[in-house]
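Notes follow once the structure below has been shown.
Quantities reported herein were computed from a predicted structural model and do not represent experimental measurements. In the text below, chain A, chain B and the rest are named by the order of the sequence lines, each starting its count at 1.
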2 protein chains.
Amino acid sequence: MSNNLRIVIIEDDEILRKGYELLLSDVEDFSIVNSYGSYDLAKKQLKEDAPQVILLDINMPGTSGLQAIPEIKKMLSNTHIVILTVFDSAETVFEALNMGADGYLTKNASSEKIIEAIRDVCNGGGVMSINVARIVMHSFQKNLNSPLTKRETEILKRIAAGQTKTQIADELFIDQNTVRSHVKNIYIKLDVNSKSEAIKTATKNRFI
Amino acid sequence: MSNNLRIVIIEDDEILRKGYELLLSDVEDFSIVNSYGSYDLAKKQLKEDAPQVILLDINMPGTSGLQAIPEIKKMLSNTHIVILTVFDSAETVFEALNMGADGYLTKNASSEKIIEAIRDVCNGGGVMSINVARIVMHSFQKNLNSPLTKRETEILKRIAAGQTKTQIADELFIDQNTVRSHVKNIYIKLDVNSKSEAIKTATKNRFI
DNA sequence: GATATATCACCCCTTTTGGGTGATTTTAGC
DNA sequence: GCTAAAATCACCCAAAAGGGGTGATATATC
């Protein structure tokens, strides 16, 4: 009993919260030590709860789940956070991962997936449900209709990496003037007239 | 029969290739139209094969799977590519996704997963197996031990986005001298003395 | 053979950068 | 409440990089 996996649920929808509680307390080696309707309600007691895993909703009254992540991480550095939410925009996913979430499941995840995810994060894994993976994957796929040539793309990538034209010229074994020439063409094609604009436009359109 | 899902397998290991063939040809609405031991062997006939899905290995004699992706995409724009490989370094995964792969499975994926993945990509989804998801997730998680303060991180992010100190000062409503001051501290903390080095170091260590 | 791409050359001037040395005010941790 | 860290601003300097203009040439690619 004492070696059970300690779990806390933070979810404002009472039906869902009770549902998760029921589901997870049925698992032999899981212990639901507490469940809360918001992070604000949870935060004073989390230290005492000392959970290994927190199932965290994002959309909650008061402090949002995203804001809560760094606070939890600070307070309980060894606790794994699994986001369990309906939100699945690319921005939300990335922000959650950036904040330090160990997993991101959407609420249509099956019981087995949730249980599996809890075990996985405890073993140092990261977990995401398939539709989240889909979002992440798509956000990586380059725009195939880039107006930039191969060389121009190469150069713009390096500019985005902070390299100067001199460095780029050296590393590509071409003249600085050639780099300048490419950069000019890049600016024309992207309809910009500075480095930052070029990076912004190219990033937004996934040309690099 | 004519409405069957047309699949091509490109995999140099004959045992595996035959195994996949056997597995997938058992699925009612799947048709293995062809299978090849390398992309070089496949490329002349792929157009004729007109597959909806290609299962593609990465490590193959001749043209690698990664190099093959853009070629396939160009030749068969509506064909979905699912990488099926033992390689699962973050770089490889990202490169494959960047090249335009629609899925990335590792070879320990179960039969059901592979079949599910094939159906998923045909429905416009992206697919990744759990260990790949793990890699992707970890590569997103910021280094929590960054020596940089919040403000310094903010400023370095903007420098990485190609903004000049003037622009940064304007957008953050602070003086250019303040930005300069922060940048100097950033350089000291990262032990670098130029923009590009700072971006490189910070990116490598996931400080930004 | 025409068009796109990649390569290089020289002009101009303005902006940015990086280094140095300082100070003041907030903010945050103990 | 004290102390240290962080954030803010000021002014010096010279070198580097940036951006705009206008060209040429070779090599692909179609």
Side-chain angles (χ1 to χ4, degrees), chain A residues 43 47 67 70-71 73-75 77 144-202 207-208, chain B residues 43 47 70-71 73-75 77 143-202 207-208:
Chain A
K43 68 177 146 194
K47 218 158 196 167
Q67 295 169 311
E71 291 193 31
K73 283 273 162 185
K74 193 186 277 180
M75 190 163 32
S77 56
L144 297 171
N145 299 317
S146 171
L148 304 179
T149 68
K150 208 172 164 183
R151 199 56 152 178
E152 285 163 354
T153 305
E154 168 73 30
I155 287 171
L156 189 50
K157 266 187 193 169
R158 288 168 181 271
I159 288 177
Q163 293 193 292
T164 68
K165 297 187 171 77
T166 318
Q167 290 176 309
I168 296 172
D170 285 350
E171 289 188 16
L172 297 183
F173 305 107
I174 54 178
D175 196 277
Q176 297 185 28
N177 286 306
T178 307
V179 179
R180 294 174 68 76
S181 180
H182 283 304
V183 172
K184 282 175 208 167
N185 289 328
I186 291 170
Y187 287 4
I188 291 168
K189 286 186 181 178
L190 299 187
D191 190 28
V192 299
N193 49 19
S194 78
K195 213 163 43 159
S196 58
E197 287 179 284
I199 294 173
K200 199 173 158 191
T201 301
F207 296 153
I208 54 172
Chain B
K43 67 176 146 192
K47 218 158 197 168
E71 291 193 33
K73 283 274 162 186
K74 194 187 275 180
M75 191 164 30
S77 57
N143 189 331
L144 297 171
N145 299 317
S146 171
L148 304 180
T149 69
K150 208 171 165 183
R151 199 56 153 179
E152 286 164 354
T153 305
E154 168 74 30
I155 286 171
L156 189 50
K157 267 186 193 170
R158 288 169 181 270
I159 288 176
Q163 294 193 293
T164 66
K165 297 186 174 81
T166 319
Q167 289 176 308
I168 297 172
D170 285 350
E171 289 188 16
L172 296 183
F173 305 106
I174 55 179
D175 196 277
Q176 297 186 26
N177 287 306
T178 306
V179 179
R180 296 175 70 75
S181 180
H182 283 304
V183 171
K184 281 175 211 168
N185 289 329
I186 292 170
Y187 286 5
I188 292 169
K189 286 186 181 178
L190 300 187
D191 190 28
V192 298
N193 48 19
S194 77
K195 216 164 37 162
S196 58
E197 285 179 284
I199 294 174
K200 199 173 159 192
T201 302
F207 296 153
I208 54 171

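Across the interface with DNA chain C, nearest-nucleotide mapping of B:K165 and A:V179 shows A:V179 to be the residue nearer the 5′ end. Comparing A:T166 and B:R151 along DNA chain D, the residue whose closest nucleotide (by nearest heavy atom) sits nearer the 5' end is B:R151.
For the side-chain contact (heavy atoms from CB on, under 4.5 Å) with B:I159, the qualifying choice from B:T164, B:I199, B:V179 is B:I199, the only one to do so. Here the options are A:T149, A:L172, A:I168, the test is side-chain contact (heavy atoms from CB on, under 4.5 Å), and the partner is A:E154; only A:L172 passes. Exactly one of A:T178, A:L148, A:N185, A:V183 qualifies for a side-chain contact (heavy atoms from CB on, under 4.5 Å) with A:I155. That residue is A:V183.
In this structure, A:N185 reaches neither bases nor backbone, as no heavy-atom distance under 4.0 Å exists between it and the strands shown. Here B:D175 lies in heavy-atom contact (under 4.0 Å) with sugar-phosphate atoms only. Note on A:S181: a base of the nucleic acid sits closer than 4.0 angstrom, heavy atoms only.
When the P atom of C:dG20 is taken as reference, atom OH of B:Y187 falls 13 Å away, rounded to whole Å. Distance, B:I199 CD1 to C:dT17 P: 10 Å, rounded to whole Å. Between A:I188 atom CD1 and C:dT5 atom C1' there is a gap of 14 Å when expressed in whole angstrom units. Whole-Å rounding puts the A:Q167 CD to D:dA17 C1' distance at 11 Å. The nearest whole Å value for the distance from the CD atom in A:E154 to the C1' atom in C:dT7 is 16 Å. One can place CG of A:N193 at 17 Å from P of C:dT14, the figure rounded to the nearest angstrom. Per the geometry, CD belonging to B:Q176 stands 15 Å off C1' belonging to D:dC12, to the nearest Å. Look at CG on A:L156: it is 13 Å from P on C:dA6, rounded to the nearest Å.
Considering only the side chain of B:N177, D:dC11 comes nearest among C:dC10, D:dA7, D:dC11. You'll find that the side chain of B:T149 is closest to D:dA6, out of D:dA6, C:dT7, C:dA9. In the set C:dA6, D:dC9, C:dG18, C:dA6 carries the atom at the smallest distance from any side-chain atom of A:E152.
A donor-acceptor contact under 3.5 Å is formed by the side chain of B:R180 with the base of C:dG19. Looking at B:T164, its side chain has no donor and acceptor atom pair within 3.5 Å of the base of C:dT16. In terms of polar N and O atoms assigned as donor or acceptor, the side chain of A:K184 never comes within less than 3.5 Å of the base of D:dG19 in a complementary pairing.
B:I186 contributes atom CD1, which lies 14.0 Å from atom CG of B:D191 (distance to the nearest 0.5 angstrom). One distance of note links CZ of B:F207 with CG of B:N145; it measures 8.0 Å at 0.5 Å rounding.
Residue B:K150 places none of its side-chain N or O atoms closer than 4.0 Å to OP1 or OP2 of C:dT26. Between A:H182 and C:dT5 there is no side-chain N or O to OP1 or OP2 distance below 4.0 Å. A close approach under 4.0 Å does not occur between any side-chain nitrogen or oxygen of B:T178 and OP1 or OP2 of D:dA7. An OP1 or OP2 oxygen of C:dT17 is reached within less than 4.0 angstrom by a side-chain nitrogen or oxygen of B:K195.
Around NZ of A:K200, the count of heavy atoms belonging to other residues, nucleotides or ligands within 6.0 Å does not exceed 12.
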